[in-house]
Each structure stands twice: as C-alpha cells, then as structure tokens.
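Everything on this sheet refers to the single structure shown next.
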Amino acid sequence: MKTIREIADEIGVSKQAVFKKIKREPLSTSLQGLTSTVDGRLTVSVDGEKLIKQAFSAGTPSTNHQPVDGQVDGPVDGLIAVLQATIDTLQGQLEVKDRQIEQQAQTITRLSDALVAAQQTAAAAQALHAGTIQQQLLSGEAGADQQHQEPEPGQRRSWFSRFFGN
C-alpha cells in the first residue's frame, strides 16, 4: 500500500493532481475498494496504484491532438488542474486559519477581562491595606513593640519614625 504522496512523487506530479485524477470518471469508479484510509492518510493498493499510473500515462497528449470547441487539453489542462487543486488546498487552509484567529481573539478578550478584574481587585486590596495601616497609626496600635521604646522627654517622634521604627 502506498500513499497518494508516494505515488505522486513517483509519477512526478503533485499530490493534488493525483487527487483530481482519482475524482474523475472512470478512474473514481475503478478505484472503489482499492483505496483505504490509514491514520488519516489515503492509501492505495498495488492494483489501484497501477490504475492511477495508467491514467497519467494515458493522459499525456499526442502531438497531433487539437483542442475542440475551445477546450484546452494537454499540459495546460494539467497545469490548470494542479493550480485549481492548489487553490482548493490553500482555501481550506485559509478557512482553518480564520477559525484559529477567531478563537485566539476570543481568548484574548477573556484574558483582557480577567486582567482588568485582577487589577481592580489588587487596587481594592491596596486601598484596604492602606486604610488599615492609617487606622492603626491613628489609633496607636501600629508600633506595639515600639511602645516599650518611649522617646526621651522633649523629643517628639514623627509618624514616619513611629511606623518604620527609626
């Protein structure tokens, strides 16, 4: 069993060209039962591989073949098929990336909201802490261990020295 990539490399075409060829009649009906999916990859049996390679060798244009009714055949048709397959692949990838960007934008919004809430909580906690310290300083509870170190008579201690113990 070979993957589409391995067959495409052997033939010398893109993986998308092989997929396009597989989708076309009569190859699509001929390959029924000759392909399987393993680990998310399409694999082809030996008989299926032969059919795909024959389809590509039969698809090579002869030199005296002329387009009819404005249709383009040959290398240009193959090029168009490869380009269309590439466009389809890129559009699929673009859709996936768009969904990823949308998910990331939602995550950023949630994180921003959480950050604002955390900042508000921190500001409230700081204000509460400052109020508590101010209350302690005003009530004289702040330097309980400093109460034993009374300043000498005639010396007045500032609130800064009472708070920091200088």
NZ-CD1 distance between Lys21 and Ile7, expressed to the nearest 0.5 angstrom: 13.5 Å
Point-to-point distance, once rounded to the nearest 0.5 Å, from CD of Gln54 to NZ of Lys50: 8.5 Å
Over 12 foreign heavy atoms within 6.0 Å of NZ, Lys20: yes
Interatomic spacing from CD in Gln93 to CD in Gln100 - rounded to 0.5 Å: 10.5 Å
Pairwise salt bridge (charged side-chain N to carboxylate O under 4.0 Å, His left out) hits with a residue in residues 113-137, at least two apart: none
Show every donor-acceptor pair shorter than 3.5 Å between a side-chain atom in residues 81-90 and any protein atom, with sequence neighbours excluded, or say none if there are none.
{"residue": "Gln84", "atom": "NE2", "partner": "Asp88", "partner atom": "OD1", "Å": "2.9"}
{"residue": "Thr86", "atom": "OG1", "partner": "Val82", "partner atom": "O", "Å": "2.8"}
{"residue": "Thr89", "atom": "OG1", "partner": "Ala85", "partner atom": "O", "Å": "2.9"}

CA sep, side-chain torsions, deciding dist, call: Lys15, Val18, side-chain contact (heavy atoms from CB on, under 4.5 Å): CA-CA 5 Å; Lys15 183 171 81 169; Val18 174; 5.7 Å; no
Gln106: side-chain contact (heavy atoms from CB on, under 4.5 Å) partners, not counting sequence neighbours: Glu102, Arg110
Partner set under salt bridge (Lys or Arg N to Asp or Glu O under 4.0 Å) for Lys53, not counting sequence neighbours: Glu10, Glu49
Please output the side-chain donor-acceptor pairs of residues 115-134 that fall under 3.5 Å, not counting sequence neighbours, one pair per line with the distance.
{"residue": "Thr121", "atom": "OG1", "partner": "Ala117", "partner atom": "O", "Å": "2.9"}
{"residue": "Thr132", "atom": "OG1", "partner": "Leu128", "partner atom": "O", "Å": "2.8"}

